[in-house]
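One structure below.
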Amino acid sequence: MIKIGIIGVGTVGTSVAQILRDNADVISARAGVNIVVKSGVVKDLNRDRGLDIKLTDNVDEILEDDEIDIVVELMGGVDEAFEIVKRALRNGKAVVTANKALLAYHRYELQEIAQDIAFEYEASVAGGIPIINALRDGLSANHIESISGIMNGTSNYMLTEMIQNGMSYADALKNAQDLGYAEADPTFDVGGYDAAHKLLILASIAYGIDAKPEDILIEGIENVSKDDVEFANEFGYVIKLLGIAKKDADMVELRVHASMINKDEMIAKIDGVMNGISVVGDKVGETLYYGPGAGGDATASAVIANIIDIARSGKSRPMLGFDRPMEAGLKLKSIEDIESKYYLRINVSDKKGVLAKVTKMFEDSNISVETMLQRPTSSDSANLLISTHTAYERDIQNLINSLESLEFVNFKPVMIRIV
Ligand code: HSE
């Protein structure tokens, strides 16, 4: 029998305990051994979770319990979780976690500490989709050319509601929280950080890149408005929050941002809380992964897959997919060298000569306009909705700063990258 201790019995932890009980027949047959939850650590012992497992508020009762084989860390957060997971590994316990923030900062240290002890984290990226398994094992013969996808269910749910049902940003966020999709602090979802944590994990498995959130371009969906959604629609795009990793010779670019993508792309059709990730390998070509990226049962499904795997073999593969570094390592491309097409919404005073001055600034910033619309927003102001040809990130940022300083530009222009 394999005994589990769960640290953090919230939405996902409760689902893990319930599924281990409800699906015990298939789980024990697949694992070749019975798997039971021995105890769980919670902050509030008075809340009834409807589970028949022993609950405690003392983490030592799991970390120091010799009977517990696998520690399942579902508490979230970085520093405290890091200390707890390190202690679990040092006490020889296998670890399964869904904690992407922890891995975004400490995955290489954890790999070093874990060595041969199993450390698994399938649920940390895209909830129920087995993307870690696919990338680490299924595609391991390939050089990975790109990874791009919808990696945050909350923001995808919100954008879908805003685009398809005209829901306000605030209502969409509240619904996502009520449905249990959002992080404890939803700025992680709408600000792009949750997707960035996931992208960094995938980038390590695909490229061996050790980057932290501070090193990469991260933007969220907070500034997306109805005007942008309408422009996108008119020009054949939808707006999605994408995580993108792309190899270019010996450089890799990593970025998370709201993106206008062609309506015909498969990823454009992924709506609601669903996640969808495209991975292109040099030999396999494009592969696509689609499924629920958040929610208790979907995430618990991935957690339990890891538990079964450990119960079967008791061993760890190279945690981040590389047994040793590649001779010609890849480097992270700097943010300002990233190239993209851009959409800008510039709210201006509707006066003579303004358009000419704005377009002159594009020329001065070395940026070529592709399409342009002007839409009045009041009797004396208008939105200029402009898309560009491919330009450098450094040039677009300079342009935005210059535009913002103009007296007839009413507020900082909003920019969305066209992918
Ligand atoms: N808050 C996350 C999301 C949950 O919305 O995708 C899964 O990581």
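Counting starts at 1 for both ligands and their atoms, in listed order. The residues of the chain are indexed from 1 along the displayed sequence. The structure displayed is predicted, hence computed values, not measured ones.
In terms of protein heavy atoms, atom 6 (O) of ligand 1 is closest to G153 N, 2.7 Å. For atom 5 (O) of ligand 1, the closest non-hydrogen atom of the protein is T154 OG1, 2.6 Å. The nearest protein atom to atom 8 (O) of ligand 1, hydrogens excluded, is given as K100 NZ, 2.5 Å; this is a heavy-atom distance. In terms of protein heavy-atom proximity, atom 4 (C) of ligand 1 is nearest to E183 OE2, 3.3 Å.
Under 4.0 angstrom from ligand 1, the non-hydrogen atoms of N152 come from both its backbone and its side chain. Only the side chain of D194 comes within 4.0 Å of ligand 1, counting heavy atoms alone; its backbone N, CA, C and O stay farther away.
Around CD of E112, the count of heavy atoms belonging to other residues, nucleotides or ligands within 6.0 Å does not exceed 12.
With hydrogens and angles disregarded, no donor-acceptor distance shorter than 3.5 Å links the side chain of S155 to the backbone of L241.
The shortest N or O to N or O distance between K198 and ligand 1 is under 3.5 Å.
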For salt bridge (charged side-chain N to carboxylate O under 4.0 Å, His left out), just list the numbers for D69 and K93, CA-CA rounded to whole Å, side-chain angles, deciding distance to a tenth of an Å, and then say yes or no.
-> CA-CA 5 Å; D69 306 289; K93 299 187 188 307; over 6 Å; no
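Side-chain atoms of N165 and E161 include a donor-acceptor pair closer than 3.5 Å. Under 3.5 Å, the side chains of D65 and S39 contain no donor-acceptor pair of N or O atoms. A donor atom on one side chain and an acceptor atom on the other are not found under 3.5 Å apart for E370 and Y342.
In this structure, K341 forms no cation-pi arrangement with Y343, as its terminal cationic atom is not both closer than 6.0 Å to the ring centre and no more than 45° off the ring axis.
Distances from atom 7 (C) of ligand 1 to the heavy atoms of G293, G127, S124, A298 show the closest one on G293.
Here is the list of ligand 1 atoms found below 4.0 Å of a heavy atom in D189: 1 (N), 2 (C), 3 (C), 5 (O). Atoms of ligand 1 found under 4.0 Å from any heavy atom of Y181 (numbered from 1 in listed order, with element): 1 (N), 2 (C), 3 (C), 4 (C), 5 (O).
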